[in-house]
Participant: 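Below is one structure. I have some questions about it.
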Amino acid sequence: MPPNERAQFLYRLKALLERDFEATARLITLECGKTLAEARGELQRAIENVEVACGAPSLLQGYLSEDIARGIDELMIRQPVGVCAIITPFNFPGMIPMWFLPYAIVCGNACIIKPSERVPLTMDKLTRLMEEADCRPAWSTSSMATAIRSTQSSITRRSAPSASSARLSVARHIYARAAASGSACSARVAQRTPSSSCPTRISR
């Protein structure tokens, strides 16, 4: 397939990203814990990379240098490498894949993306964790958000925590805060262990 035909798919991708901009930004906020403004900025950078990749028909041009030495011409052509693999970090799920995916596709490569296995803790996941633990703290949503941020900060300072250890840390934090506020909260939350109760993968 010629580069200009491959670029047409990216024009369609750009149109879809722009059409679903707000919905995708809100999804990043729910799943990654970013503010909505940060998620919007990340998506804007992603769209800009798709725009650049749409210029592949000119970016892929080679060149010919005639008579670089006596009787020698130099010819350079660009060809796809075949298969590209992308391992992306958890903190920019919308932007960093677009540093590579559109360029790999428009150059004629197959592309495999492996998202990070690290899963940030968000309000949505924390709510589900509390429901699993039969825990109903009496403190407000803003206090809960503060608890999440403080726990995430302490987790971030450690070396590459797993999703299970992070969930356990937040569960214990919830229990301590709920107990201090006089809420009814099952004591088994504090006894949860990653091997028995905390899956390493979280799926919606």
Participant: Drop me the distance from Ile72's CD1 to Ser65's OG, to the nearest 0.5 angstrom.
Facilitator: 12.5 Å
Participant: Looking only at heavy atoms, which two atoms of Ser116 and Phe90 are closest? And how far apart?
Facilitator: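 Heavy atoms of Ser116 and Phe90 come nearest at CB-N, 3.5 Å.
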Participant: Nearest 0.5 Å, what's the OG1-CZ distance between Thr88 and Phe100?
Facilitator: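 Reported to 0.5 Å precision, the distance equals 9.0 Å.
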Participant: Calculate, to the nearest 0.5 Å, the distance between atoms CG and CG belonging to Asn49 and Leu10 respectively.
Facilitator: 11.0 Å
Participant: What pair of heavy atoms forms the shortest contact from Cys107 to Pro80, and how long is it?
Facilitator: O-CB, 3.2 Å
Participant: Is the backbone of Met1 close enough, under 3.5 Å, to the side chain of Arg6 for a donor and an acceptor to pair up by distance?
Facilitator: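 Side chain of Arg6 to backbone of Met1: a pair is present.
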Participant: Closest approach of Arg40 and Ala25, non-hydrogen atoms and distance?
Facilitator: CG-CB, 3.9 Å
Participant: Kindly indicate whether the side chain of Asp73, heavy atoms from C-beta on, has any atom under 4.5 Å from the side chain of Asp67.
Facilitator: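 Yes, at least one pair of side-chain atoms sits under 4.5 Å.
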Participant: With heavy-atom distances below 4.5 Å as the criterion, would you say the side chains of Thr24 and Leu17 are in contact?
Facilitator: no
Participant: Which distance, rounded to the nearest 0.5 Å, do you find between the OH of Tyr63 and the CG of Leu75?
Facilitator: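 One finds 9.0 Å between OH of Tyr63 and CG of Leu75.
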Participant: Between Asn109 and Val81 (side chain of the first, backbone of the second, donor and acceptor by atom type, cut-off under 3.5 Å), is there such a pair?
Facilitator: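 Side chain of Asn109 to backbone of Val81: a pair is present.
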Participant: Judged by atom type as modelled, is there a donor-acceptor pair below 3.5 Å linking the side chain of Lys34 to the main-chain atoms of Asn91?
Facilitator: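 Yes; at least one donor-acceptor contact below 3.5 Å.
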Participant: Hey, any chance Leu43 and Leu16 share a hydrophobic cluster, counting ILVMFWY side chains that come within less than 4.5 Å of each other, even indirectly?
Facilitator: no
Participant: Sequence neighbours excluded, which residues qualify as side chain to side chain donor-acceptor pair (under 3.5 Å) partners of Gln61?
Facilitator: none
Participant: Would a 4.5 Å heavy-atom cut-off, applied to side chains only, mark Gln44 and Met95 as touching?
Facilitator: no
Participant: Are Phe21 and Leu36 in one and the same hydrophobic cluster, where Ile, Leu, Val, Met, Phe, Trp and Tyr link if side-chain heavy atoms are under 4.5 Å apart?
Facilitator: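 Looking at the clustering, Leu36 is in a separate group from Phe21.
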Participant: Is the closest side-chain heavy-atom distance between Glu51 and Pro102 below 4.5 Å?
Facilitator: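 Of all side-chain heavy-atom pairs linking Pro102 with Glu51, none is under 4.5 Å.
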Participant: Between Val106 and Phe9, is any pair of side-chain heavy atoms under 4.5 Å apart?
Facilitator: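 No, too far: nothing below the 4.5 Å cut-off.
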Participant: How many angstroms lie between CG in Leu60 and OH in Tyr103, if you round to the nearest 0.5 Å?
Facilitator: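 The distance works out to 12.0 Å.
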Participant: Might you point out which heavy atoms bring Ile86 and Pro97 nearest each other, and give the distance in Å?
Facilitator: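 Smallest heavy-atom distance, with atoms named: CD1-O, 4.4 Å.
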Participant: Would you kindly confirm whether Leu59 and Met98 end up in one hydrophobic cluster when ILVMFWY residues are joined by side chain heavy atoms under 4.5 Å apart?
Facilitator: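 In one cluster: no.
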Participant: Of all residues at least two apart in sequence or in a different chain, which pass the side chain to side chain donor-acceptor pair (under 3.5 Å) check with Glu48?
Facilitator: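 Testing Glu48 for side chain to side chain donor-acceptor pair (under 3.5 Å), a comparison that skips the adjacent residues, returns Arg45.
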Participant: Test of understanding: with side chain to side chain donor-acceptor pair (under 3.5 Å), list the residues that count as partners of Glu74, not counting sequence neighbours.
Facilitator: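 Per chain and number, Glu74 pairs via side chain to side chain donor-acceptor pair (under 3.5 Å) with no residue.
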Participant: Please report the shortest heavy-atom distance between Cys54 and Pro57, naming the atom on each side.
Facilitator: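 That closest heavy-atom pairing would be O-CD, 3.6 Å.
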Participant: Supply the atom-to-atom distance Ile47 CD1 to Leu13 CG, rounded to the nearest 0.5 angstrom.
Facilitator: 9.0 Å
Participant: According to a hydrophobic-cluster definition based on side-chain heavy atoms being under 4.5 Å apart (Ile, Leu, Val, Met, Phe, Trp, Tyr only), do Trp99 and Ile28 belong together?
Facilitator: yes
Participant: Any side-chain to backbone donor/acceptor pair from Glu5 onto Pro2? Under 3.5 Å, distance only.
Facilitator: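 Checking the backbone N and O of Pro2 against the side chain of Glu5, no donor-acceptor pair under 3.5 Å is found.
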